[in-house]
Amino acid sequence: MEQFHQVIRWKDFRSAARFIVPEKRKAFTKARLALNDERDLTITDYEIEDGQLSEDGTRAFIQSRIQWMRLPSASEHVSVVTSEFVYQHGTWLLERQDEGPFADELR
């Protein structure tokens, strides 16, 4: 989760897509291009607040606070985001987010 936050903060959406489950990568990448996020989205800060592991150890639920803005709006948003990661083929991949700048593609 820390690495995912770091790459989105630096607008490295190509690397961010590698942290997402394969079935949602295309929609994530397509949305970044359509929304001009490389130019218009700024993640100003993030803080990972909490994490829980499922009983079987295959899912992790991470709560973080993300501060972000997307032009043309000059307003900063603060979202408390719950991210669900799934352990697949020896790595943790992001499957879902309920809030924040990527929620539409990752619901």
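Quantities reported herein were computed from a predicted structural model and do not represent experimental measurements. Atoms considered below: every heavy atom in the structure, side chains included; atoms not considered: hydrogens, waters and symmetry mates.
- Legend: residues meeting ring-ring contact (aromatic ring centres under 6.0 Å, His included) with Phe28, ordered by chain and number and at least two apart, are Phe102.
- Ion pairing between Glu105 and Arg32 holds under the 4.0 Å rule for side-chain N and carboxylate O.
- Residues passing the salt bridge (charged side-chain N to carboxylate O under 4.0 Å, His left out) test with Asp104, sequence neighbours excluded: none.
- Checked by atom type and distance alone, the side chain of Arg96 never pairs as donor or acceptor with a backbone atom of Ser83 at under 3.5 Å.
- Scored by the side chain to side chain contact (heavy atoms under 4.5 Å, CB included) test, Ala60 finds Leu53, Ile62, Phe85, Trp92 as partners (sequence neighbours excluded).
- For Lys11 and Asp37, the salt-bridge test fails: no basic side-chain N is under 4.0 Å from an acidic carboxylate O.
- With sequence neighbours excluded, no residue forms a side chain to side chain donor-acceptor pair (under 3.5 Å) with Thr82.
- Residues passing the side chain to side chain donor-acceptor pair (under 3.5 Å) test with Gln6, sequence neighbours excluded: Glu2.
- A search for ring-ring contact (aromatic ring centres under 6.0 Å, His included) contacts involving Phe4 returns nothing, not counting sequence neighbours.
- From Leu41, atom CG reaches atom CD1 of Ile8 across 7.5 Å, with rounding to the nearest 0.5 Å.
- Residues Ile66 and Met1 share a hydrophobic cluster, clusters being chains of Ile/Leu/Val/Met/Phe/Trp/Tyr side chains in contact below 4.5 Å.
- With sequence neighbours excluded, no residue forms a salt bridge (charged side-chain N to carboxylate O under 4.0 Å, His left out) with Arg14.
- Glu76 is linked by a salt bridge (charged side-chain N to carboxylate O under 4.0 Å, His left out) to nothing, counting only residues two or more places apart in sequence or in another chain.
- Annotation: Gln88, atom CD; neighbour count of heavy atoms from other residues, nucleotides and ligands within 6.0 Å is above 12.
- Both Tyr87 and Leu106 are assigned to one and the same hydrophobic cluster, defined by single-linkage of ILVMFWY side chains at heavy-atom distances under 4.5 Å.
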Please evaluate residues His77 and Arg70 with respect to the criterion side-chain contact (heavy atoms from CB on, under 4.5 Å), reporting the C-alpha separation (whole Å), side-chain torsions for both, the decisive distance (0.1 Å), and the verdict. CA-CA 9 Å; His77 304 276; Arg70 182 177 280 132; 5.9 Å; no
Evaluate the side-chain contact (heavy atoms from CB on, under 4.5 Å) criterion for residues Asp45 and Arg9: first the C-alpha distance (whole Å), next the side-chain angles of each, then the deciding distance (0.1 Å), finally the verdict. CA-CA 8 Å; Asp45 198 15; Arg9 187 166 189 189; 3.9 Å; yes
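- A side-chain donor-acceptor contact under 3.5 Å links Arg107 to the backbone of Asp98.
- By the side chain to side chain donor-acceptor pair (under 3.5 Å) test, Ser54 is found to be paired with Asp56, residues two or more places apart in sequence or in another chain being considered.
- Screening residues 33-53 for ring pair (Phe, Tyr, Trp, His ring centres under 6.0 Å) gives His5-Tyr46 as the qualifying pairs, with residues at least two apart or on separate chains.
- Within the structure, side-chain hydrogen bond (donor to acceptor under 3.5 Å, both in side chains) pairs that include any residue of residues 17-28 comprise Ser15-Arg18 (at least two apart or interchain).
- Val7 and Phe13 fall within the same hydrophobic cluster, defined by Ile, Leu, Val, Met, Phe, Trp and Tyr side-chain heavy atoms under 4.5 Å apart, directly or through other members.
- When the side chain to side chain contact (heavy atoms under 4.5 Å, CB included) test is applied to Ser79, the partners found at least two apart in sequence or on another chain are Trp68, Val81, Glu99.
- Between the CE atom in Met69 and the CG atom in Asp40 there is a gap of 10.0 Å [rounded to 0.5 Å].
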